[in-house]
Amino acid sequence: MEEQRTRKYVWEFPVRLTHWINALSILALSFTGLYIGMPFIHATSPDQYIMGWMRLVHFIAAYTFMMSIIIRSYWSLMGNRYASFKIFFPFSIRKLGDMLEELKFYLLISRKPPSITGHTALGGLTMLIVWVIFIFEIISGFALYSVTHSGAVWTILGGWLVGIMYLPTIRLYHHLLMYVILAFTLVHIYIVWYSTSSEKNGLMASILSGYKFVTGKEQDI
Amino acid sequence: MKSSSDDVLHEMTETLESLAKKGVSRRDFMKFCTGMAALLALPASFIPKIAEAVTGGKKPILVWLEYQDCAGDTEALLRVTKPTVGQLILDILSVDYHETIMAPSGFQAEKSLRDVVENHKGNYLVVVEGSIPMKDDGVYCCIGGRSAVDLAREVCGNALATIAVGTCATYGGIPAASPNPTGAVGVKEAVPNATVINLPGCPANAENISATIVHYLTFGKLPSTDKLGRPYFAYGKRIHDNCERRGHFDAGQFARQWGDEGHRQGWCLYEMGCKGPETFHNCPTIKYNEGTSWPVQAGHGCIGCSEPSFWDTMSPFYKRLPKVPGFGVESTADKVGAGLAAATAAGILAHGIGRAIKPRKEEGGE
Ligand code: SF4
């Protein structure tokens with residue numbers, strides 16, 4: 001028998017907004033970044049400015065992404081319990097146990113879906129890793145940018161990394177981690193779809209509306 | 001009694017006469033001084049000061065040491081087709097010891113080096129070419145029975161200043177490439193207490209060596225350096241930002257294969273692995289061999305030879321990015337990335353299929 005589900009407001013506006021800014025800027029950054037690393041469109045006349053535009057879009061998207069990350073971090077402190085980054089650190093005994101159950105579910109060993117209103121334990125841990133990568137991408141990006149933009153701002157945002165890592169190495173990891181983010185994106189979309197279709201919890205639409213459909217028996221956070 | 005300005009004039013005339021005997025005219029000499037002023041970004045009013053300084057009475061003593069090297073920097077300085085920079089500088093200095101070109105050998109050679117260190121302590125300049133091996137007490141490079149590191153500590157440690165020329169002497173260079181069998185390092189790392197200025201490059205540009213010495217003669221001190229010990233006048237700008245092909249880069253016009261249309265048109269060498277975007281050097285403006293050409297002008301991408309991470313992070317030379325550590329010889333970042341994407345897609349697919357074929361229990365059956 002289907003359980004009765006009710007509408008519950010989970011994702012507040014800043015959470016949804018930054019989610020989509022992140023999504024769009026990651027898309028733009030990956031596309032232009034791939035071009036900058038490996039130019040796949042070639043100019044037919046010298047008055048074109050393809051690399052120039054790609055770099056401009058990359059830099060604008062980079063600033064946008066950084067701002068979005070800052071806003072989201074701020075909202076972690078100000079928003080509701082589902083916005084908090086506490087779930088990024090699911091290292092309590094209880095959460096570790098949940099994580100194990102969840103792994104069993106995704107590996108098709110058990111059939112008990114994780115039952116939680118906000119992020120699951122495994123989801124939280126994944127977000128921690130993804131956020132570390134986000135922050136490395138921002139720092140390494142500004143490190144590369146600082147090479148031609150001398151100024152305290154860029155030194156603080158990333159220039160300091162040049163003293164620790166060699167430029168080609170920074171460039172290599174900046175590039176490689178893009179692929180990791182793209183792989184995460186694929187898995188993220190798949191899991192959301194999987195959860196939505198197997199639990200009828202409205203997760204997919206909730207990132208637009210903010211509302212999930214809950215049974216009331218879920219763990220809250 | 002003559003005044004001191006008469007002295008200077010007299011010495012200048014003498015030097016110019018001796019240069020004239022070697023085929024360097026007064027005009028050549030002024031061209032040299034003007035060139036040096038331009039290279040050091042000094043205003044024209046400094047040209048007479050430079051002329052005065054380099055022809056002035058004091059002939060600084062210089063010793064030139066070679067360790068794990070190919071003598072390429074020596075070659076670069078000496079093999080000029082007409083008597084210019086290199087010879088001028090060698091005339092201005094008193095080169096008391098230079099393994100490749102000095103007349104004495106054996107005991108006599110060792111003695112001249114010892115004499116300099118003992119008699120001119122704290123007053124002579126050293127040029128070091130080649131890296132210094134540190135592994136196994138430095139046994140991999142010995143001269144006259146003493147290890148390079150031992151000699152460098154004594155000679156550079158007692159010098160007024162050391163000019164490390166070439167990438168080997170500055171950051172270890174090719175001998176320090178992985179797996180660095182001899183534990184090769186640059187001078188500053190081997191002798192941390194020495195005053196060292198780094199002029200990396202493979203070879204270091206003779207013009208930059210001269211300008212550094214001229215700066216010292218004119219101002220009595222070495223030019224200001226960045227945190228890697230390189231003088232700003234030569235290493236303050238990135239190759240990519242001063243490159244004559246930069247317009248093609250911004251436009252999106254790239255050579256994609258050696259000898260293709262783009263390559264023949266002189267388009268940007270970025271896709272051929274040019275390391276101009278990560279290399280700081282004045283090659284595009286000063287060029288090599290008396291301003292004749294430089295790698296990118298000749299149609300080959302920059303290989304980043306003057307950067308501290310050369311060779312390891314600058315190879316493969318014809319790829320944009322270095323190899324991915326731990327992924328074997330042929331791995332490029334994009335191959336690893338494509339592999340990751342494929343693995344992710346395969347994982348998702350496997351999961352989807354797994355779920356589809358696994359019979360589901362009735363809802364609420366758990
Ligand atoms: S040839 Fe090299 S240095 Fe010149 S613009 Fe292209 S990438 Fe930059």
Side-chain angles (χ1 to χ4, degrees), chain A residues 1-3 34-55 106-113 144 147-148 150 162-163 165-180 182-187 189-191 193-194 197-200, chain B residues 227-228 237-238 240-241 247-254 256 262 265 267-268 270-271 275 277-280 304 307-310 312-315 320-325 332-334 336-345 347-352 354-355 358 360-366:
Chain A
M1 196 195 87
E2 282 288 325
E3 266 167 314
L34 264 172
Y35 182 85
I36 295 166
M38 190 179 29
F40 46 81
I41 308 167
H42 294 93
T44 47
S45 97
D47 52 14
Q48 280 171 293
Y49 194 61
I50 303 175
M51 180 60 91
W53 285 114
M54 290 285 182
R55 293 177 72 235
Y106 287 122
L107 293 174
L108 303 170
I109 296 167
S110 97
R111 274 187 208 85
K112 201 165 120 243
L144 296 169
V147 163
T148 39
S150 51
V162 183
M165 278 166 90
Y166 294 124
L167 275 178
T169 317
I170 298 177
R171 201 162 256 142
L172 174 67
Y173 287 108
H174 190 70
H175 189 89
L176 269 180
L177 288 171
M178 170 200 67
Y179 285 110
V180 178
L182 291 180
F184 157 77
T185 309
L186 287 179
V187 174
I189 295 170
Y190 177 71
I191 295 220
W193 170 80
Y194 186 64
S197 68
S198 60
E199 287 177 63
K200 314 268 183 290
Chain B
K227 44 179 198 288
L228 291 167
K237 297 250 159 57
R238 192 167 63 139
H240 187 55
D241 296 323
H248 296 297
F249 172 84
D250 289 331
Q253 294 179 302
F254 303 97
R256 304 175 62 198
Q265 293 287 337
W267 290 352
C268 171
Y270 187 76
E271 279 193 67
K275 302 296 186 291
E278 33 260 316
T279 307
F280 291 75
E307 283 298 304
S309 54
F310 184 77
D312 292 342
T313 68
M314 292 298 176
S315 57
R320 279 280 349 116
L321 293 168
K323 282 174 269 192
V324 185
T332 63
D334 290 310
V336 173
L340 184 66
T344 311
I348 290 174
L349 197 67
H351 189 264
R355 194 190 120 168
K358 195 162 179 175
R360 280 170 61 104
K361 280 192 185 166
E362 281 304 306
E363 291 287 342
E366 298 267 325

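A, B, ... follow the sequence lines: proteins, then strands. Residue 1 opens every chain.
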*Checking heavy atoms, do the side chain of B:Gln253, its backbone, both or neither come under 4.5 Å from chain A?*
both
*Side chain from CB out, backbone as N, CA, C, O: work out which of these in A:Leu176 comes under 4.5 Å of a heavy atom of chain B, or both, or neither.*
side chain
*Go through the atoms of A:Met38 and report whether side chain, backbone, both or neither lie under 4.5 Å from a heavy atom of chain B.*
side chain
*With a 4.5 Å cut-off on heavy-atom pairs, point out which of B:Arg238, B:Lys237, B:Arg320, B:Glu278 contacts chain A the most.*
B:Glu278
*Side-chain donor-acceptor pair present, A:His42, B:Arg256, cut-off under 3.5 Å*: yes
*Parallel, tilted or perpendicular: which fits the ring planes of A:Tyr194 and B:His351, with parallel below 30° and perpendicular above 60°?*
perpendicular
_Per-residue contact mode, A:Phe184 against chain B (heavy atom under 4.5 angstrom)_ = neither
*asked:* For B:Glu271 versus A:Pro39, what's the shortest heavy-atom pair and its separation?
replied: OE2-O, 3.4 Å
_For a quick test of reading the model, state the closest non-hydrogen atom pair linking A:Arg171 to B:Leu321 and the distance between them._
CG-CD2, 3.7 Å
_Distance (rounded to the nearest 0.5 Å) between A:Met165 CE and B:Thr313 OG1_ = 10.5 Å
*Is chain B contacted by the side chain of A:Thr185, its backbone, both, or neither, given a heavy-atom distance below 4.5 Å?*
neither
*Shortest non-hydrogen contact from A:Tyr35 to B:Gly252?*
OH-CA, 4.1 Å
*Can you find a heavy atom in the side chain of B:Ile348 that is under 4.5 Å from one in the side chain of A:Trp193?*
no
*With a 4.5 angstrom heavy-atom cut-off, could you sort out which part of A:Leu177 is near chain B: side chain, backbone, both or neither?*
neither
*So do A:Arg55 and B:Phe249 actually touch side chain to side chain, heavy atoms under 4.5 Å?*
yes
*Where B:Thr344 and A:Ala183 come nearest, the two heavy atoms and their spacing*: OG1-CB, 3.3 Å
*Nearest heavy-atom pair of B:Tyr270 and A:Ile36: which atoms, and what distance?*
OH-O, 2.5 Å
_Is there a side-chain contact between B:Leu349 and A:Tyr190 in this structure, where contact means two heavy atoms from C-beta onward sitting under 4.5 Å apart?_
no
*Would you mind checking which part of A:Ile191 comes under 4.5 Å of any heavy atom in chain B, side chain (CB onward), backbone (N, CA, C, O), both or neither?*
neither
*Given a strict heavy-atom distance threshold of 4.5 Å, which part of B:Ala338 is in contact with chain A: side chain, backbone, both, or neither?*
backbone
*Go through the atoms of B:Asp334 and report whether side chain, backbone, both or neither lie under 4.5 Å from a heavy atom of chain A.*
both
*Which heavy atom in B:Ala333 sits nearest to a heavy atom in A:Leu172, and how many Å separate them?*
CB-CD1, 3.7 Å
*Examine whether an atom of A:Tyr166 lies under 4.5 Å from a heavy atom of chain B, and if so say whether it belongs to the side chain, the backbone or both; otherwise answer neither.*
side chain
*Given the options B:Ala343, B:Gly304, B:Pro277, B:Gly347, which has more heavy-atom pairs under 4.5 Å with chain A than any of the others?*
B:Pro277
